[in-house]
S.K.: 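Okay, here's the structure, questions in a sec.
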Amino acid sequence: MTDPAVLGGQYYGPGGRGEVRGHPRLVSSSPESYDLAVQQRLWAVSEDLTGVTFPV
């Protein structure tokens, strides 16, 4: 089931100890997920592996 109140860009993950297990709740993403260079590299690798490209 999805929650219609969730906003784009929000990240839900486990709400328990260390955010590794437990019921889902709104959590912060890892610091690496905000790194523009890491985002661009992930996108490029994903395009290479899938053979699917999207115009910028």
Side-chain angles (χ1 to χ4, degrees):
M1 178 183 337
T2 59
D3 184 348
V6 173
L7 302 175
Q10 289 183 325
Y11 178 71
Y12 281 76
R17 183 183 209 176
E19 295 181 349
V20 294
R21 56 177 24 179
H23 295 289
R25 69 175 177 94
L26 186 60
V27 295
S28 295
S29 187
S30 68
E32 294 83 5
S33 71
Y34 297 100
D35 184 323
L36 186 57
V38 172
Q39 294 170 11
Q40 291 171 337
R41 178 73 180 131
L42 174 59
W43 190 265
V45 168
S46 298
E47 286 186 330
D48 288 344
L49 290 174
T50 63
V52 178
T53 58
F54 293 91
V56 178

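These numbers come from a predicted model, not from an experiment.
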S.K.: Quick check: closest heavy atoms across Pro14 and Val27, and the distance to 0.1 Å?
M.R.: O-CG1, 4.0 Å
S.K.: Using 0.5 Å steps for rounding, measure from the OG atom of Ser46 to the CZ atom of Arg41.
M.R.: 10.0 Å
S.K.: About how many Å separate CG of Leu26 and CG of Leu7, when rounded to the nearest 0.5 Å?
M.R.: 9.0 Å
S.K.: Is there a donor in the side chain of Trp43 and an acceptor in the side chain of Gln39, or the other way round, less than 3.5 Å apart?
M.R.: no
